[in-house]
Number of protein chains: 2
Amino acid sequence: MVKEPQPLFNDQLEIDRDSYEPAYIQLANILRRQIAEGVFRPGDQLPSESQLCHRYGISPMTVRRTINLLADEGLISTAQGRGTFVKGIELSEATFGLRELKDLFKPDQQAHVKLLDARVVSADERTARKLEIACGAPVIYIRRLFSRAEQPVFYHRAYLIYDPTRPIVEAELDVTSLQGLFAGGNHSLLKFGTLNIESTLLTNEEAELLKRPYPCAAFYLEHLFYDYDDHPLSWGWFIIPADCLHFTAQVGVSPRQAIHSGGK
Amino acid sequence: MVKEPQPLFNDQLEIDRDSYEPAYIQLANILRRQIAEGVFRPGDQLPSESQLCHRYGISPMTVRRTINLLADEGLISTAQGRGTFVKGIELSEATFGLRELKDLFKPDQQAHVKLLDARVVSADERTARKLEIACGAPVIYIRRLFSRAEQPVFYHRAYLIYDPTRPIVEAELDVTSLQGLFAGGNHSLLKFGTLNIESTLLTNEEAELLKRPYPCAAFYLEHLFYDYDDHPLSWGWFIIPADCLHFTAQVGVSPRQAIHSGGK
DNA sequence: AAGTGGTCTAGACCACATG
DNA sequence: ATGTGGTCTAGACCACTTG
């Protein structure tokens, strides 16, 4: 056991106006903690906004920001004219992000991208439908394999609109640049995109490329990007073996969220 | 072609104070649309907050709400002392919800839950570790199969803490009630939970139960719920064949977001 | 020094729900 | 009629960045 000159967890009861933390964050921490401690249980009504104003000596707008923050987190819900209430945990409200993927794609010394294919081909029926072009029209076809420490990590296949009147500028190739898509970068060509995640089996070809035994489960991550004219610009998918990726999410108040220091 | 007495898309340029839509929403729509139209491209600096105040005749706090809203959407980013900038689309910022699952679990006339097992067993090594109890300690074991229109949809297996001092109240059994977990309900016992999503192959047993051929890809959705003492209360997982579930997300400004009526 | 985002105030008015 | 959430104002002050 170790002596603790300052408490490990935050049992803050008042707003500290000298804190570097904004008042609305402090109040959110206080309420979040009270919910985590069971002071307020699912279904309970929280103190009204005016009560919170008087209790903590802050203005209505500041209380409102806190309420909105916690509502965005899915912890509470508001009903005009009735009050603010604590929500029970709901699986259907859980969200997971692609941060795990970002780490996967992150280039380092060990990372290596092998370009398997990069040429102009005729669009087949499915590709033409996805890219909203004529069947048989020319498209740029790209296939590549991403490895780390000699171990294949994922496989990527993509089809890009091929416009002979517009030379294939650097930026266009960058559309499928992995670092660019995941880390950010300014894709001034892309307006928006849709993603689709499924569970799938590796095909024999993919299993061979990825050096996995057959059968093998994998994630299928499909992407479709549109330009500023709302025309599809690129379509493709990543195949990521199950052992390389998993997604996590949380519902309710995690202990880490509730135990947040509020010191000066 | 059809005549359009009112424009299909929103080319609103001013804030309509008589609109039922709040000013901060209207401004968000205006800016979102300008970003979608390419008026502001990734990397561009947006007008400063004070400029927006004067341009649209609203107060700083209202502009701020709009800025925060768009920043939460991942469309723009702010830098204190420098300005507000349009972000390029980033895959790593996409988020997926579990709404699709909610529909899957939704009970209707066609839905049927078959209880395969429900008894007290001794915890094996893995279960004991997950539930943070002693190996061999008694736990409630539940297995069930959810079908719709005679077609198996998913398989669920769960282990619940068995506390002889606390009789198994209705609420505790409700912990794994499917409708409850997904649709909401007040789980006053559960404080928070963690979810883990993987891609997997059906085992022979699962394939048989779910009437799928082998091999077959599926989602493995693991859940671990904690009570208000931060002790694990239930651990388990859903097995959902690939053909029953997929997740979708969007990045950037989708046309639907930008085309939002702002009329009276 | 000037401009930017970030926070906050102390009220106001409205829409809604309840008794 | 009262209390609730929801929006908005017209400023203020601070922290930060840039020239």
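So that the names make sense, note that chain A is the first sequence line, chain B the second, and so on, each numbered from 1. The structure displayed is predicted, hence computed values, not measured ones.
- In terms of position along DNA chain C, the nucleotide closest to B:Gln51 lies nearer the 5' end than the nucleotide closest to the other residue of the pair B:Gln51 and B:Met61.
- Side-chain contact between A:Leu52 and A:Ile67: present, with at least one pair of heavy atoms (C-beta onward) separated by less than 4.5 Å.
- The distance from atom CZ of B:Arg82 to atom C1' of C:dA2 is 17 Å, rounded to the nearest whole Å.
- Two residues, A:Ile67 and A:Gly81, neighbour DNA chain D, and the one matched to the more 5' nucleotide by heavy-atom proximity is A:Gly81.
- Of the candidate nucleotides D:dG11, C:dC8, D:dT9, C:dC8 has the atom nearest to the side chain of A:Arg17.
- Among the nucleotides D:dG5, C:dC8, C:dG11, the one closest to any side-chain atom of A:Gln80 is D:dG5.
- For the pair A:Pro22 and B:Ala79, nearest-nucleotide mapping onto DNA chain C gives the more 5' position to B:Ala79.
- The nearest whole Å value for the distance from the CZ atom in A:Phe85 to the C1' atom in D:dT4 is 9 Å.
- Here B:His156 and B:Phe154 keep their ring centres 6.0 angstrom or further from each other.
- Remark: B:Thr78 is not in phosphate contact with C:dG5, judged by side-chain N or O atoms under 4.0 Å from OP1 or OP2.
- The nearest whole Å value for the distance from the OH atom in A:Tyr56 to the P atom in C:dA10 is 19 Å.
- Between A:Ser59 and C:dC8 there is no side-chain N or O to OP1 or OP2 distance below 4.0 Å.
- Protein atom CD of B:Glu49 is 16 Å distant from nucleotide atom C1' of D:dT9, rounded to whole Å.
- In this entry the distance linking NE2 of A:His54 with C1' of C:dA10 reads 11 Å, nearest Å.
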Worksheet entry | ring pair (Phe, Tyr, Trp, His ring centres under 6.0 Å) between A:Phe238 and A:Phe146, intermediate numbers included | CA-CA 10 Å; A:Phe238 297 92; A:Phe146 186 95; 9.7 Å; no
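- Remark: P of C:dG5 and CG of B:Leu70 are 13 Å apart, rounded to the nearest angstrom.
- Distances shown here put every side-chain N or O of B:Tyr24 at or beyond 4.0 Å from the OP1 or OP2 atom of D:dC8.
- In terms of phosphate contacts, B:Arg65 brings no side-chain nitrogen or oxygen within less than 4.0 Å of OP1 or OP2 of C:dT7.
- For the pair A:Leu69 CG and D:dG5 C1', the interatomic distance rounds to 17 Å; values are reported in whole Å.
- For C:dG3, the OP1/OP2 oxygens have no side-chain nitrogen or oxygen of B:Ser48 closer than 4.0 Å.
- Looking at A:Gln26, its side chain does come within 3.5 Å of a backbone N or O of A:Asp16 through a donor-acceptor pair.
- The separation between B:Glu21 atom CD and C:dC14 atom C1' is 17 Å, rounded to whole Å.
- For the pair A:Val253 and B:Lys191, the minimum side-chain heavy-atom distance is below 4.5 Å.
- Contact check, A:Thr62 against C:dT9: a side-chain N or O comes under 4.0 Å of OP1 or OP2.
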